[in-house]
Amino acid sequence: MKNNLLFINQNQDIIQEFLGAMEGREVPMEIDTADSGLEAAILLKKKTYKVVVTGMDLPTYDGTKIIEYLNKNYPQTICIVYTWRLELANLWLLVNERRVFRIFQRPADYSHIYEAIVDGFVKYDKREADALDRRDLEQALEERLKQVEELKQVAKEQPWEKREIVKFLGSLLNVFAHNIKSGISGREQWQVVKYEKKMLLWFLDNKGNGIDNLEDVRQDLCQRFQHPEHRQTVDIQIDEISEPMEREFCRELHFVIWLLLTRFAMLTSVFEAHVALIPVNQERFRVRIEGLFPEGAWGAGHESRAAQVTTSMTQTILECFSERFTQSISDEKVIYFLEMQGWG
């Protein structure tokens, strides 16, 4: 298969700029282009690409949908993102949940993008070769199983290493916020960083590690957010289920509810939360999260640019963790409805 790629961007000037930058390079490649998500989807159904370079803000289907489609239908295709600024939480999701190979922010050095594309070609070819030689590879892996286990023990992360990583990334996040050019004021920027840092620490500290079942989800969240003395109450109702839930699903569910309750707590010191976990059928699980607030608190809290940014960030994450996501909002109440894959 020849080296080919699809470049997706809604700006025709950037498309032409990219084509010019790739012309005459050492590694020859066939390049197709699309200026919308719909046009890209049509090309992806007709042709297999080794590499797809996509922007995030696209008409009809945005970059996230394109990457989801590739991960589901063409997992061997290498995905590269080339876009404007990304929030740190969205960056984490692209790398870990969407398995994006490289991410570049405009403007970027096209030489670096070219090197990433070449690396993508190599990675794609290696995947193809691995698939052809899978049987031999599995035999070789089985023979070296003991060696791998020994290496895992040697490379096992030490507690002090994690603490240092947390400190480093926390400092990096502060520098990122200080240097970024945006219309958000200093205090609002600090509020956004605080929210991002809470999510970052949740993932780095593996706070879902102690969550093995739905009762663990209930107990942990009530312990964190149930403070009647401060007029913060949390009620979590779980409908009776006939089969146990997968541990990984329980941890994802814990994170989603934790994320929204954290959002409530950052918005106002007084709130009442009602969470209902309802099985829909043997494959789906419905989650209803209702937040009640003092009169006007929710509307007033979202007048700031920082609150709008964190709300947008929250919605993006909820869309990634759920099959369906809707919300109903008023000045005193917000209700989130999610459907998630859940049965083990």
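Remember, predicted model here, so these are calculated numbers, not experimental data.
Checking side-chain atoms of D62 against main-chain N and O of L58 turns up no donor-acceptor pair under 3.5 Å. When atom types are taken as modelled, the side chain of D119 and the backbone of V122 share no donor-acceptor pair closer than 3.5 angstrom. The closest donor-acceptor contact from the side chain of R231 to the backbone of H227 lies at 3.5 Å or more, if one exists at all. Looking only at distances, no side-chain donor or acceptor of R102 sits under 3.5 Å from a matching main-chain atom of I80.
Summarising the local packing, CZ of R127 is surrounded by more than 12 heavy atoms from other residues, nucleotides or ligands at distances under 6.0 Å.
At least one side-chain heavy atom of M340 sits under 4.5 Å from a side-chain heavy atom of L253. Between I278 and F285 the shortest side-chain heavy-atom distance does not fall below 4.5 Å. At least one side-chain heavy atom of V334 sits under 4.5 Å from a side-chain heavy atom of F264. Taking 4.5 Å as the limit, every side-chain heavy atom of V256 sits out of range of all side-chain heavy atoms of V287. Taking the side chain as every heavy atom from C-beta outward, R106 and I14 approach each other to under 4.5 Å. Counting only heavy atoms from C-beta outward, the side chains of E68 and Y61 never approach each other to under 4.5 Å. Side-chain contact between T33 and L6: absent, with no pair of heavy atoms (C-beta onward) separated by less than 4.5 Å. With a 4.5 Å cut-off on side-chain heavy atoms, I31 and N4 do not count as touching.
Rounding to the nearest 0.5 Å places CG of D32 at 9.5 Å from CD of E39. Atoms CG and CD1, on L261 and I236 in that order, are 7.0 Å from each other to the nearest 0.5 Å.
Side chains of Y124 and N3: no donor on one and acceptor on the other come within 3.5 Å. Side chain to side chain, Q223 and Q219 fail the donor-acceptor criterion of an N or O pair below 3.5 Å. Under 3.5 Å, the side chains of Y110 and E17 contain a donor-acceptor pair of N or O atoms. Checking Q237 against D235 by side-chain atom types alone, a donor-acceptor pair falls below 3.5 Å.
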(request) Test ring pair (Phe, Tyr, Trp, His ring centres under 6.0 Å) on F18 and Y82 and set out the steps. (result) CA-CA 11 Å; F18 175 84; Y82 181 43; 7.7 Å; no
(message) Please determine whether ring pair (Phe, Tyr, Trp, His ring centres under 6.0 Å) holds for the pair Y49 and Y74, giving the CA-CA distance in whole Å, both sets of side-chain angles, and the decisive distance to 0.1 Å.
(response) CA-CA 9 Å; Y49 293 93; Y74 302 97; 9.1 Å; no
(request) Output, in order, the C-alpha distance, side-chain angles, deciding distance and verdict of side-chain hydrogen bond (donor to acceptor under 3.5 Å, both in side chains) for D57 and Q10. (result) CA-CA 8 Å; D57 296 325; Q10 66 174 342; 5.4 Å; no
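Applying the under-4.5 Å side-chain rule to Ile, Leu, Val, Met, Phe, Trp and Tyr, the cluster around I335 extends to F337.
Ion pairing of R288 with E290 is present here, as a side-chain N (NZ or NE/NH1/NH2) and a carboxylate O approach within less than 4.0 Å. One finds no salt bridge joining R251 and E248 here, because no Lys/Arg side-chain nitrogen approaches an Asp/Glu carboxylate oxygen to under 4.0 Å. Using a cut-off of 4.0 Å between Lys/Arg side-chain N and Asp/Glu carboxylate O, R224 and D220 are scored as salt-bridged.
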Side-chain atoms of residues 266-277: list all donor-acceptor pairs with protein atoms under 3.5 Å, sequence neighbours left out, distances to 0.1 Å.
{"from": "T268", "atom 1": "OG1", "to": "V270", "atom 2": "N", "distance (Å)": "3.2"}
{"from": "T268", "atom 1": "OG1", "to": "V270", "atom 2": "O", "distance (Å)": "3.3"}
{"from": "E272", "atom 1": "OE2", "to": "H274", "atom 2": "NE2", "distance (Å)": "2.6"}

